[in-house]
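Along the sequence shown, residues are numbered consecutively beginning with 1. Predicted model only: the values in this text are computed from it and were never measured.
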Amino acid sequence: MAKLIITESVITCTECKKKLEATEINFYKQKYKKNGEEFYKLVNPCRECRKKRQRNYIDSKEGYKEKQKIYHASWNIKNRDREAQNKRRLRAADPGHYKRYFKEYQSNNIEKFVDYARERNKEKKFKIANSEWDSCLNYFDFSCAYCGLTEENHKKLHKTRLHKEHVIVLGRNNLTNCVPSCKECNSQKSKYSLHTWYNVTNPKYSRDRYEKIYKWIRYDSKKNLVIKR
(Lines give C-alpha, C1' and ligand atoms only; values in the text may rest on other atoms or scores of the structure.)
Protein backbone atom coordinates (compact mmCIF):
# COMPACT_ATOMS: atom_id res chain seq x y z
CA MET A 1 0.00 0.00 0.00
CA ALA A 2 1.30 3.47 -0.97
CA LYS A 3 2.46 5.61 1.97
CA LEU A 4 2.20 9.36 2.47
CA ILE A 5 5.66 10.94 2.76
CA ILE A 6 5.87 14.30 4.55
CA THR A 7 9.29 16.00 4.52
CA GLU A 8 8.25 19.34 6.12
CA SER A 9 6.01 20.12 9.08
CA VAL A 10 4.97 23.50 7.58
CA ILE A 11 4.43 24.30 3.89
CA THR A 12 4.13 27.79 2.37
CA CYS A 13 1.38 28.01 -0.25
CA THR A 14 2.75 29.22 -3.61
CA GLU A 15 -0.36 31.36 -4.32
CA CYS A 16 -1.71 32.83 -1.07
CA LYS A 17 1.76 32.68 0.64
CA LYS A 18 0.22 31.37 3.87
CA LYS A 19 2.25 29.04 6.07
CA LEU A 20 0.08 26.00 6.70
CA GLU A 21 0.54 22.75 8.57
CA ALA A 22 1.56 19.90 6.27
CA THR A 23 -1.60 17.80 6.51
CA GLU A 24 -4.20 16.43 4.09
CA ILE A 25 -6.69 18.95 5.51
CA ASN A 26 -4.67 21.84 4.00
CA PHE A 27 -3.11 20.20 0.92
CA TYR A 28 -4.08 17.60 -1.66
CA LYS A 29 -1.87 14.57 -2.10
CA GLN A 30 -0.46 13.23 -5.39
CA LYS A 31 0.79 9.75 -6.23
CA TYR A 32 4.39 9.24 -7.40
CA LYS A 33 6.29 6.16 -8.51
CA LYS A 34 10.03 5.63 -8.10
CA ASN A 35 12.07 2.44 -8.44
CA GLY A 36 8.85 0.42 -8.64
CA GLU A 37 7.52 1.80 -5.36
CA GLU A 38 4.41 3.98 -5.07
CA PHE A 39 4.08 6.82 -2.56
CA TYR A 40 2.12 10.03 -1.96
CA LYS A 41 3.35 13.60 -1.47
CA LEU A 42 1.48 16.79 -0.53
CA VAL A 43 1.42 19.26 -3.41
CA ASN A 44 1.15 23.05 -3.72
CA PRO A 45 -0.93 25.22 -3.84
CA CYS A 46 -3.23 24.67 -0.83
CA ARG A 47 -6.75 23.26 -1.09
CA GLU A 48 -8.48 26.66 -0.87
CA CYS A 49 -6.38 28.18 -3.65
CA ARG A 50 -7.00 25.17 -5.88
CA LYS A 51 -10.74 25.46 -5.29
CA LYS A 52 -10.65 29.19 -6.18
CA ARG A 53 -8.68 28.41 -9.32
CA GLN A 54 -11.25 25.77 -10.33
CA ARG A 55 -14.18 28.15 -9.70
CA ASN A 56 -12.52 30.88 -11.78
CA TYR A 57 -11.93 28.40 -14.59
CA ILE A 58 -15.57 27.27 -14.56
CA ASP A 59 -16.86 30.87 -14.60
CA SER A 60 -14.57 31.81 -17.52
CA LYS A 61 -15.76 28.97 -19.78
CA GLU A 62 -19.12 29.62 -21.48
CA GLY A 63 -21.53 26.72 -21.23
CA TYR A 64 -19.16 24.74 -18.97
CA LYS A 65 -21.60 24.53 -16.04
CA GLU A 66 -24.39 23.14 -18.25
CA LYS A 67 -22.05 20.49 -19.69
CA GLN A 68 -20.93 19.53 -16.18
CA LYS A 69 -24.53 19.15 -15.00
CA ILE A 70 -25.34 16.85 -17.93
CA TYR A 71 -22.18 14.82 -17.33
CA HIS A 72 -22.80 14.45 -13.57
CA ALA A 73 -26.46 13.50 -14.14
CA SER A 74 -25.52 10.76 -16.62
CA TRP A 75 -22.69 9.54 -14.35
CA ASN A 76 -25.06 9.32 -11.35
CA ILE A 77 -27.56 7.27 -13.36
CA LYS A 78 -24.86 4.83 -14.55
CA ASN A 79 -23.29 4.49 -11.08
CA ARG A 80 -26.45 4.62 -8.95
CA ASP A 81 -25.88 1.23 -7.27
CA ARG A 82 -22.23 1.99 -6.47
CA GLU A 83 -23.11 5.38 -4.96
CA ALA A 84 -25.88 3.85 -2.83
CA GLN A 85 -23.44 1.22 -1.57
CA ASN A 86 -20.85 3.87 -0.70
CA LYS A 87 -23.47 5.92 1.18
CA ARG A 88 -24.59 2.88 3.19
CA ARG A 89 -20.96 2.13 4.07
CA LEU A 90 -20.37 5.73 5.15
CA ARG A 91 -23.55 5.80 7.28
CA ALA A 92 -22.51 2.58 9.00
CA ALA A 93 -18.99 3.90 9.73
CA ASP A 94 -20.12 7.41 10.77
CA PRO A 95 -23.91 7.74 11.38
CA GLY A 96 -23.77 11.50 12.00
CA HIS A 97 -21.75 12.40 8.88
CA TYR A 98 -24.62 13.63 6.69
CA LYS A 99 -26.25 15.63 9.52
CA ARG A 100 -22.97 17.44 10.24
CA TYR A 101 -22.39 18.06 6.53
CA PHE A 102 -25.90 19.48 6.02
CA LYS A 103 -25.66 21.77 9.08
CA GLU A 104 -22.30 23.10 7.91
CA TYR A 105 -23.58 23.61 4.36
CA GLN A 106 -26.72 25.33 5.66
CA SER A 107 -24.74 27.72 7.90
CA ASN A 108 -22.41 28.62 4.99
CA ASN A 109 -25.33 29.16 2.56
CA ILE A 110 -27.97 30.63 4.88
CA GLU A 111 -29.09 33.33 2.39
CA LYS A 112 -29.70 30.68 -0.26
CA PHE A 113 -31.88 28.65 2.15
CA VAL A 114 -33.86 31.75 3.22
CA ASP A 115 -34.59 32.69 -0.43
CA TYR A 116 -35.64 29.10 -1.18
CA ALA A 117 -37.97 29.04 1.86
CA ARG A 118 -39.60 32.33 0.78
CA GLU A 119 -40.22 31.04 -2.75
CA ARG A 120 -41.58 27.76 -1.42
CA ASN A 121 -43.92 29.53 0.99
CA LYS A 122 -45.27 31.67 -1.86
CA GLU A 123 -46.24 28.49 -3.70
CA LYS A 124 -47.94 27.08 -0.57
CA LYS A 125 -50.26 30.01 0.19
CA PHE A 126 -53.93 29.00 0.08
CA LYS A 127 -56.48 30.81 -2.07
CA ILE A 128 -59.60 30.00 -0.08
CA ALA A 129 -62.71 32.13 0.53
CA ASN A 130 -63.90 32.63 4.12
CA SER A 131 -67.09 30.70 3.38
CA GLU A 132 -65.03 27.77 2.05
CA TRP A 133 -62.87 27.68 5.18
CA ASP A 134 -65.96 27.84 7.41
CA SER A 135 -67.45 24.85 5.58
CA CYS A 136 -64.17 22.97 6.04
CA LEU A 137 -64.12 23.68 9.79
CA ASN A 138 -67.75 22.68 10.10
CA TYR A 139 -67.11 19.41 8.25
CA PHE A 140 -64.40 18.45 10.75
CA ASP A 141 -66.48 19.65 13.75
CA PHE A 142 -64.13 22.61 14.37
CA SER A 143 -61.29 20.26 15.36
CA CYS A 144 -57.95 19.05 14.03
CA ALA A 145 -58.47 16.57 11.19
CA TYR A 146 -55.54 14.43 12.44
CA CYS A 147 -55.68 14.31 16.25
CA GLY A 148 -59.18 15.67 16.97
CA LEU A 149 -58.07 18.63 19.14
CA THR A 150 -60.92 21.17 19.18
CA GLU A 151 -60.40 24.76 18.10
CA GLU A 152 -61.43 26.00 21.55
CA ASN A 153 -58.70 23.93 23.26
CA HIS A 154 -56.23 24.90 20.54
CA LYS A 155 -56.79 28.59 21.32
CA LYS A 156 -56.09 27.93 25.00
CA LEU A 157 -52.84 26.08 24.22
CA HIS A 158 -51.46 28.15 21.33
CA LYS A 159 -53.61 31.32 21.35
CA THR A 160 -54.39 30.85 17.64
CA ARG A 161 -57.06 29.26 15.50
CA LEU A 162 -56.55 25.93 13.73
CA HIS A 163 -54.17 26.08 10.78
CA LYS A 164 -54.98 25.56 7.11
CA GLU A 165 -52.92 22.47 6.26
CA HIS A 166 -51.84 21.10 2.86
CA VAL A 167 -52.60 17.38 2.76
CA ILE A 168 -50.48 17.03 -0.38
CA VAL A 169 -47.44 19.19 0.41
CA LEU A 170 -46.91 20.76 -3.01
CA GLY A 171 -50.41 20.08 -4.29
CA ARG A 172 -53.24 22.49 -5.06
CA ASN A 173 -53.78 25.65 -3.02
CA ASN A 174 -57.58 25.44 -2.94
CA LEU A 175 -60.14 23.77 -0.70
CA THR A 176 -59.64 20.31 -2.26
CA ASN A 177 -56.20 20.07 -0.61
CA CYS A 178 -57.00 21.77 2.71
CA VAL A 179 -57.90 20.41 6.15
CA PRO A 180 -57.85 22.08 9.59
CA SER A 181 -54.83 21.10 11.67
CA CYS A 182 -53.43 21.97 15.10
CA LYS A 183 -49.98 23.53 15.36
CA GLU A 184 -48.35 20.30 16.55
CA CYS A 185 -49.74 18.08 13.78
CA ASN A 186 -48.97 20.70 11.15
CA SER A 187 -45.29 20.88 12.17
CA GLN A 188 -44.95 17.10 12.58
CA LYS A 189 -46.46 16.30 9.17
CA SER A 190 -44.28 18.97 7.53
CA LYS A 191 -42.97 17.63 4.18
CA TYR A 192 -44.33 14.07 4.59
CA SER A 193 -47.19 12.64 2.57
CA LEU A 194 -50.44 11.66 4.30
CA HIS A 195 -49.76 7.90 3.95
CA THR A 196 -46.17 8.18 5.18
CA TRP A 197 -46.92 10.20 8.32
CA TYR A 198 -50.56 9.38 9.19
CA ASN A 199 -50.66 5.60 9.54
CA VAL A 200 -50.99 2.92 12.25
CA THR A 201 -47.48 3.68 13.56
CA ASN A 202 -48.58 7.23 14.45
CA PRO A 203 -50.10 7.39 17.99
CA LYS A 204 -52.54 10.07 16.75
CA TYR A 205 -53.85 7.84 13.96
CA SER A 206 -57.55 7.06 13.76
CA ARG A 207 -59.09 5.02 10.95
CA ASP A 208 -62.31 7.07 11.09
CA ARG A 209 -60.43 10.38 10.86
CA TYR A 210 -58.27 9.03 8.01
CA GLU A 211 -61.36 8.01 6.03
CA LYS A 212 -62.98 11.38 6.74
CA ILE A 213 -59.90 13.25 5.41
CA TYR A 214 -59.88 11.10 2.28
CA LYS A 215 -63.62 11.57 1.71
CA TRP A 216 -63.31 15.35 2.14
CA ILE A 217 -60.43 15.73 -0.29
CA ARG A 218 -61.78 13.31 -2.87
CA TYR A 219 -65.48 14.23 -2.88
CA ASP A 220 -67.06 16.55 -0.31
CA SER A 221 -64.68 19.53 -0.65
CA LYS A 222 -65.71 19.98 -4.29
CA LYS A 223 -69.33 20.53 -3.21
CA ASN A 224 -68.24 23.55 -1.12
CA LEU A 225 -66.03 25.27 -3.69
CA VAL A 226 -66.99 28.88 -4.41
CA ILE A 227 -67.33 29.45 -8.18
CA LYS A 228 -65.20 32.43 -9.24
CA ARG A 229 -66.77 34.87 -11.69
K.L.:
Partners of F142 by side-chain contact (heavy atoms from CB on, under 4.5 Å), sequence neighbours excluded?
P.N.:
L137, N138, E151
K.L.:
Quick one: side chains of residues 6-21, donor-acceptor pairs under 3.5 Å with protein atoms, not counting sequence neighbours, listed by atom name and distance.
P.N.:
from : atom 1 : to  : atom 2 : distance (Å)
E15  : OE2    : R53 : NE     : 3.3
E15  : OE2    : R53 : NH2    : 2.3
K17  : NZ     : T14 : O      : 3.2

K.L.:
Could you tell me which residues satisfy ring-ring contact (aromatic ring centres under 6.0 Å, His included) with Y219, sequence neighbours excluded, listed by chain and number?
P.N.:
none
K.L.:
Among residues at least two apart in sequence or on other chains, which ones pass ring-ring contact (aromatic ring centres under 6.0 Å, His included) with W197?
P.N.:
Y146
K.L.:
With sequence neighbours excluded, tell me which residues meet side-chain contact (heavy atoms from CB on, under 4.5 Å) with F39.
P.N.:
I5, Y32, K34, K41
K.L.:
For R218, enumerate each residue passing the side-chain hydrogen bond (donor to acceptor under 3.5 Å, both in side chains) test, keeping only those at least two apart in sequence or located in another chain.
P.N.:
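Testing R218 for side-chain hydrogen bond (donor to acceptor under 3.5 Å, both in side chains), a comparison that skips the adjacent residues, returns none.
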K.L.:
Can you sort out the partners of R80 under salt bridge (Lys or Arg N to Asp or Glu O under 4.0 Å), two or more places apart, ordered by chain and number?
P.N.:
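Here no residue qualifies.
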K.L.:
List for me each residue that meets ring-ring contact (aromatic ring centres under 6.0 Å, His included) alongside Y64, sequence neighbours excluded, and say none if there are none.
P.N.:
Y57
K.L.:
For T176, what residues pass the side-chain contact (heavy atoms from CB on, under 4.5 Å) criterion, not counting sequence neighbours?
P.N.:
R172, N174, S221, K222, L225
K.L.:
With sequence neighbours excluded, what pairs up with R88 under the side-chain hydrogen bond (donor to acceptor under 3.5 Å, both in side chains) test?
P.N.:
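Residues passing side-chain hydrogen bond (donor to acceptor under 3.5 Å, both in side chains) with R88: none at all.
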K.L.:
For H163, give me all partners under ring-ring contact (aromatic ring centres under 6.0 Å, His included), at least two apart in sequence or on another chain.
P.N.:
H154
K.L.:
Does D94 have any side-chain contact (heavy atoms from CB on, under 4.5 Å) partners at least two apart in sequence or in another chain, and if so, which?
P.N.:
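side-chain contact (heavy atoms from CB on, under 4.5 Å) check on D94 returns H97, R100.
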